[in-house]
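Data block below; observations after.
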Amino acid sequence: MKSSSPRHTSTRDYNYEIVSVDTDVAYRTWMAKYPSALSSFEQITNFAKGKRIALFLDFDGTLSPIVDNPDFAFMSTNMRATAAKVAKYFPTAIISGRSRDKVYNFVGLADLYYAGSHGMDIMGPIRESFDDPPNCIISTNKQGK
Ligand SMILES: O=P(O)(O)OC[C@H]1O[C@H](O[C@H]2O[C@H](CO)[C@@H](O)[C@H](O)[C@H]2O)[C@H](O)[C@@H](O)[C@@H]1O
């Protein structure tokens with residue numbers, strides 16, 4: 001007779017299943033406490049009305065996937081295009097535990113703010129001229145210094 005319930009061939013399999021159930025419960029509990037912002041989008045947009053918006057983003061695990069080798073945490077083309085688009089509407093900053101240069105090299109968007117080393121090293125968008133929006137800083141290189 002064929003059994004319809006899952007087979008447990010070893011204690012190891014059984015323990016693995018308990019860990020999976022625990023992980024699932026922990027995940028559901030966490031999601032109940034911190035629901036996806038996308039499911040409350042209307043509430044967020046209503047709350048944001050009349051306010052000045054700035055966007056602060058994490059890099060690893062947010063803009064890039066978590067990978068084994070930190071040197072390969074590349075952003076997708078879609079994610080880069082989305083970050084560039086959102087930065088046209090709101091001041092947008094990336095805050096990271098990585099060094100600022102490393103994050104900038106991964107992202108490569110000049111219109112964003114970058115806060116590296118957990119906020120110890122901050123760079124604003126590169127300003128081509130004094131006529132650019134005031135939320136930019138002047139690039140020291142562009143001034144010839
Ligand atoms: O503040 P973040 O931008 O989230 O940076 C936190 C740390 O991110 C990196 O490590 C994490 O991502 C790696 C690549 O996916 C992954 O291999 C590692 O296990 C994660 O901890 C980065 O290497 C660290 O320097 C950052 O502090």
Side-chain angles (χ1 to χ4, degrees), residues 6-145:
R7 241 172 4 107
H8 296 297
T9 49
S10 70
T11 316
R12 220 181 80 206
D13 286 349
Y14 186 70
N15 286 342
Y16 175 77
E17 199 156 289
I18 290 173
V19 170
S20 299
V21 170
D22 283 353
T23 307
D24 195 42
V25 169
Y27 179 73
R28 282 167 197 272
T29 308
W30 191 89
M31 281 300 286
K33 199 171 173 191
Y34 305 104
S36 165
L38 294 177
S39 61
S40 310
F41 205 70
E42 199 180 331
Q43 197 184 341
I44 293 169
T45 50
N46 284 337
F47 190 70
K49 274 180 193 148
K51 299 194 172 80
R52 294 179 66 198
I53 312 279
L55 194 62
F56 295 86
L57 300 167
D58 178 43
F59 182 73
D60 288 279
T62 302
L63 296 178
S64 71
I66 292 291
V67 290
D68 287 340
N69 185 339
D71 290 338
F72 291 94
F74 300 117
M75 245 175 128
S76 69
T77 308
N78 275 348
M79 186 63 87
R80 182 170 294 99
T82 303
K85 197 170 172 186
V86 83
K88 287 190 195 309
Y89 295 94
F90 311 114
T92 301
I94 300 177
I95 324 287
S96 178
R98 289 177 184 261
S99 75
R100 175 172 57 76
D101 288 349
K102 259 197 178 149
V103 181
Y104 181 75
N105 286 338
F106 272 123
V107 179
L109 297 170
D111 293 339
L112 273 61
Y113 292 80
Y114 293 86
S117 304
H118 302 284
M120 291 294 286
D121 186 11
I122 301 175
M123 176 181 89
I126 293 166
R127 190 174 172 185
E128 301 287 339
S129 80
F130 283 100
D131 300 328
D132 281 352
N135 67 346
C136 300
I137 59 168
I138 297 287
S139 159
T140 46
N141 290 337
K142 295 219 187 276
Q143 289 178 309
K145 291 180 188 164

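Note that ligands are numbered from 1 as they come in the structure, with each ligand's atoms numbered from 1 the same way.
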Under 4.0 Å to a heavy atom of S96 - the qualifying atoms of ligand 1, by number = 1 (O), 2 (P), 3 (O), 5 (O)

message = Strictly inside 4.0 angstrom of atom 9 (C) of ligand 1, do you find any protein heavy atom?
response = yes

key: Euclidean distance, S117 OG relative to I122 CD1, rounded to 0.5 Å   = 10.5 Å

ask   = Which of the atoms in ligand 1, numbered in the order shown and given with their element, are less than 4.0 Å from a heavy-atom of G97?
value = 1 (O), 2 (P), 3 (O), 5 (O), 27 (O)

key: Under-4.0 Å protein heavy-atom contact, atom 21 (O) of ligand 1   = no

note = min-distance protein heavy atom vs atom 15 (O) of ligand 1 -> V67 N, 2.8 Å

query = What protein heavy atom is closest to atom 24 (C) of ligand 1, reported as residue, atom name and distance in Å?
reply = R98 CG, 4.3 Å

ask   = How long is the span from the OH atom in Y113 to the CG atom in L55, to the nearest 0.5 Å?
value = 13.0 Å

task = Verify the neighbour count for atom CG of D68: are there more than 12 heavy atoms of other residues, nucleotides or ligands below 6.0 Å?
result = no

inquiry  = Let me confirm one number: the CG-OG distance from N105 to S99, rounded to the nearest 0.5 Å.
reply    = 8.0 Å

inquiry  = Could you identify the single nearest non-hydrogen protein atom to atom 23 (O) of ligand 1 and state the distance to 0.1 Å?
reply    = P70 CB, 3.4 Å

query = With a cut-off of 4.0 Å, which atoms of ligand 1 are near a heavy atom of F59?
reply = 3 (O)

message = Show the atoms of ligand 1 that are less than 4.0 angstrom away from any heavy atom in D68.
response = 17 (O)

ask   = Any idea which atoms of ligand 1 are less than 4.0 Å away from a heavy-atom of P65?
value = 15 (O)

query = Rounded to the nearest 0.5 Å, how far does CZ of F56 lie from OG1 of T92?
reply = 9.0 Å

query = Counting distance only, does the side-chain N/O of R98 pair as donor-acceptor with the main-chain N or O of G116 below 3.5 Å?
reply = no

ask   = Looking only at protein heavy atoms, which one is nearest to atom 2 (P) of ligand 1, and how far off is it?
value = D58 OD1, 3.0 Å

key: Spatial distance of atom CG (D101) from atom CG (D121) [nearest 0.5 Å]   = 7.0 Å

ask   = Is atom 4 (O) of ligand 1 close to the protein, meaning a heavy atom under 4.0 Å from it?
value = yes

Protein residue, atom and distance nearest to atom 12 (O) of ligand 1, heavy-atom basis = D60 OD1, 3.3 Å

key: Distance in Å, D58 CG paired with S64 OG, rounded so as to fall on 0.5 Å steps   = 8.0 Å

